[in-house]
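Just so you know, ligand 1 is whichever comes first in the structure, and atom 1 is the first atom listed for that ligand. This chain uses plain numbering: 1 for the first residue, then up along the sequence.
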Amino acid sequence: MFHTLRFETIPNEPRLTHVTMEAIAQAQPNIALVKYWGKREVDRNIPAVPSLSITLDSLWTRTKVAFDPKLRADDVSVNGRRDASQSSRVTALLDTCRRRAGVGLHAHVDSKTNFPIGAGLASSASGFAALAAATVGALAIEIDAVELSALARRASGSAARSVFGGFVEMPDALNGNVTAQPLLSATDWPLRVIIALTSEQPKPTGSSDGMRHSAETSDYYAAWVDSAGRDFMTARDAIMERNFATLAEVSEHSCLKMHAVMMSSNPPLVYWNGATIDCIHTIRRLRNDGIPAFFTVDAGPQVKAVCLPECADMVHAALQKVNGVRQLYTSNLGPGVRIMESMQ
Ligand code: 2P0
């Protein structure tokens with residue numbers, strides 16, 4: 001949980017030039033087993049469907065937010081490069097926090113990742129969760145984890161889930177608000193995730209644009225939204241019962257239904273390449289042979305295999321043989337967002 005982020009006083013503005021208003025936070029990407037694709041409300045970024053995810057531990061984003069009276073605009077860099085692509089979302093999140101803290105300063109936002117960004121590896125989930133935590137830390141805003149999750153969600157729906165570790169659920173809108181919450185800890189069911197990187201290219205269509213396009217043009221969109229609640233409950237029960245076979249079935253089904261919606265959009269959104277489909281078949285073959293492993297694929301060509309830890313070496317070896325797999329990452333399930341002492 002996020003209880004460590006409590007501060008005694010909020011400095012008042014005249015003193016701000018004399019205090020250090022900066023904080024560093026780390027968050028990990030999460031992989032949805034029941035997918036989020038589509039928005040009920042675009043303005044407040046309310047998802048149209050409930051989702052359920054696992055938070056990773058070996059991939060991370062670290063973000064430093066430092067408010068600076070000398071700045072005339074927010075200054076955002078990602079992996080050492082100035083980045084304007086996400087600046088409106090970053091500034092919107094900073095504005096929400098500035099209003100709450102009564103602060104008018106701009107900030108340096110310096111973010112780094114240990115994995116490729118914008119390629120379907122959930123970098124916006126870890127990125128906006130880390131940004132939200134570092135911003136409230138820098139401004140000494142008192143906030144609990146659920147509120148932090150709602151703040152992150154406004155910037156990026158999947159970021160709400162990276163606030164928490166282990167198995168995380170984001171149920172349907174309750175009183176018009178949506179936040180994620182922890183379902184089961186990482187140690188309560190220690191699954192392993194092996195990620196097959198099949199391309200390092202940024203995805204051609206970002207998730208928000210893709211979701212809008214699917215809602216407007218896919219004949220399957222309404223059916224997708226209708227069936228999501230059932231998949232969510234099935235996956236939730238399977239996790240609580242540690243029922244791997246049921247979790248495997250419902251997760252693959254949710255993934256393929258989401259891609260069916262993407263592919264039935266007009267013009268179609270096809271995020272896969274040849275290696276993506278070869279990895280999917282490889283993992284399906286393993287499961288047919290009795291190996292507890294299943295696949296999931298997000299808005300990109302990378303394939304994530306989820307398995308029991310004792311099978312991880314076998315799954316890794318099988319994916320390594322697939323033509324077009326450029327790199328494999330292995331991860332346990334990990335913790336939620338946290339404040340760090342340094343970027344190192
Ligand atoms: C998910 N994705 O559940 C699904 C699967 C992509 C495919 O959540 O528009 O980048 O910023 O709220 O956070 C992508 O979500 O979308 C996503 P926005 P975001 O993980």
Side-chain angles (χ1 to χ4, degrees), residues 27-56 59 61 85-90 92-93 113 117-132 149-164 167-173 178-180 193 195 202-216 218 221 224-225 228 231-232 235 250-263 265 269-272 276 295-304 306 337:
Q28 285 74 235
N30 68 78
I31 307 296
L33 305 183
V34 176
K35 302 294 190 188
Y36 151 48
W37 193 253
K39 297 174 197 288
R40 178 161 301 153
E41 263 186 61
V42 172
D43 288 353
R44 292 193 303 148
N45 206 30
I46 304 281
V49 291
S51 59
L52 200 156
S53 60
I54 45 181
T55 302
L56 304 180
L59 276 56
T61 300
S85 66
Q86 300 294 332
S87 59
S88 62
R89 287 190 195 203
V90 171
L93 191 152
T113 65
I117 60 171
L121 288 176
S123 55
S124 66
S126 53
F128 283 104
L131 175 70
S149 173
L151 176 69
R153 192 215 74 237
R154 291 290 287 259
S156 172
S158 56
R161 300 185 310 234
S162 275
V163 167
F164 301 101
F167 296 80
V168 180
E169 59 177 341
M170 188 147 76
D172 259 332
V178 169
T179 71
V193 182
I195 299 172
K203 56 189 161 197
T205 308
S207 291
S208 296
D209 288 344
M211 290 182 200
R212 186 175 338 114
H213 182 57
S214 291
E216 286 170 0
S218 169
Y221 182 76
W224 157 253
V225 173
D231 291 343
F232 175 78
V250 71
S251 300
E252 289 187 354
H253 196 206
S254 174
C255 166
L256 291 179
K257 279 195 288 188
M258 179 185 76
H259 283 276
V261 170
M262 293 163 165
M263 290 180 193
S265 303
L269 294 168
V270 181
Y271 285 106
W272 297 355
T276 310
F295 69 83
T296 189
V297 184
D298 294 300
Q302 332 302 359
V303 178
K304 292 98 180 189
V306 181
V337 69

Closest protein heavy atom to [atom], given as residue, atom name and distance to 0.1 Å:
| atom | value |
| --- | --- |
| atom 5 (C) of ligand 1 | D298 OD1, 3.3 Å |
| atom 6 (C) of ligand 1 | S207 OG, 3.9 Å |
| atom 17 (C) of ligand 1 | Y36 CD2, 3.9 Å |

Original post:
If you measure from each non-hydrogen atom of M211 to ligand 1, which part falls under 4.0 Å: side chain, backbone, both or neither?
Top reply: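 The answer is the side chain of M211.
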Original post:
Side chain or backbone of N45 under 4.0 Å from ligand 1, or both, or neither, by non-hydrogen atoms?
Top reply: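 Contact part for N45 vs ligand 1: side chain (C-beta onward).
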For [X], take its heavy atoms, then give the atoms of ligand 1 lying under 4.0 Å from any of them.
| X | value |
| --- | --- |
| K39 | 9 (O), 12 (O), 18 (P) |
| A299 | 7 (C) |
| S156 | 10 (O), 11 (O), 12 (O), 13 (O), 19 (P) |
| S158 | 8 (O), 13 (O), 15 (O), 19 (P) |
| S208 | 9 (O), 11 (O), 18 (P) |
| A32 | 1 (C), 3 (O), 20 (O) |

**OP:** Determine, for K304 against D298, whether the closest basic-nitrogen to carboxylate-oxygen distance falls under 4.0 angstrom.
**Re:**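 Salt bridge: yes.
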Original post:
Between K35, M170, R161, R89, which one has a non-hydrogen atom sitting closest to atom 20 (O) of ligand 1?
Top reply: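 Result: the heavy atom closest to atom 20 (O) of ligand 1 is in R161.
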At the 4.0 Å heavy-atom cut-off, does [X] count as touching ligand 1?
| X | value |
| --- | --- |
| S124 | yes |
| S51 | no |
| M258 | yes |

Original post:
Who pairs with H213 by ring pair (Phe, Tyr, Trp, His ring centres under 6.0 Å), at least two apart in sequence or on another chain?
Top reply: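 With neighbours one apart ignored, the set is empty.
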**OP:** Find out whether L131 and R89 are in side-chain contact, i.e. whether some heavy atom of one side chain is under 4.5 Å from a heavy atom of the other.
**Re:**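 No, every pair of side-chain atoms sits at 4.5 Å or beyond.
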Original post:
Got a donor-acceptor contact below 3.5 angstrom from the E169 side chain to the L52 backbone?
Top reply: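 Judged by distance alone, no pair lies under 3.5 Å.
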Shortest non-hydrogen contact between [X] and [Y], atoms and distance:
| X | Y | result |
| --- | --- | --- |
| V297 | K35 | O-CE, 3.6 Å |
| V163 | A152 | CG2-CB, 4.3 Å |
| W272 | L256 | CH2-CD2, 3.8 Å |
| S207 | A299 | OG-CB, 3.8 Å |

Original post:
Angle class for the W37/Y271 ring planes (parallel below 30°, perpendicular above 60°, tilted otherwise)?
Top reply: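 Taking Y271 first and then W37, their aromatic rings stand perpendicular (interplane angle over 60°).
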Subject >> Evaluation steps, side-chain contact (heavy atoms from CB on, under 4.5 Å), between I46 and R153 >> reply: CA-CA 8 Å; I46 304 281; R153 192 215 74 237; 3.6 Å; yes
**OP:** Give yes if a backbone or side-chain nitrogen or oxygen of G157 is under 3.5 Å from a nitrogen or oxygen of ligand 1, and no if not.
**Re:**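 Between G157 and ligand 1, an N or O pair is found under 3.5 Å apart.
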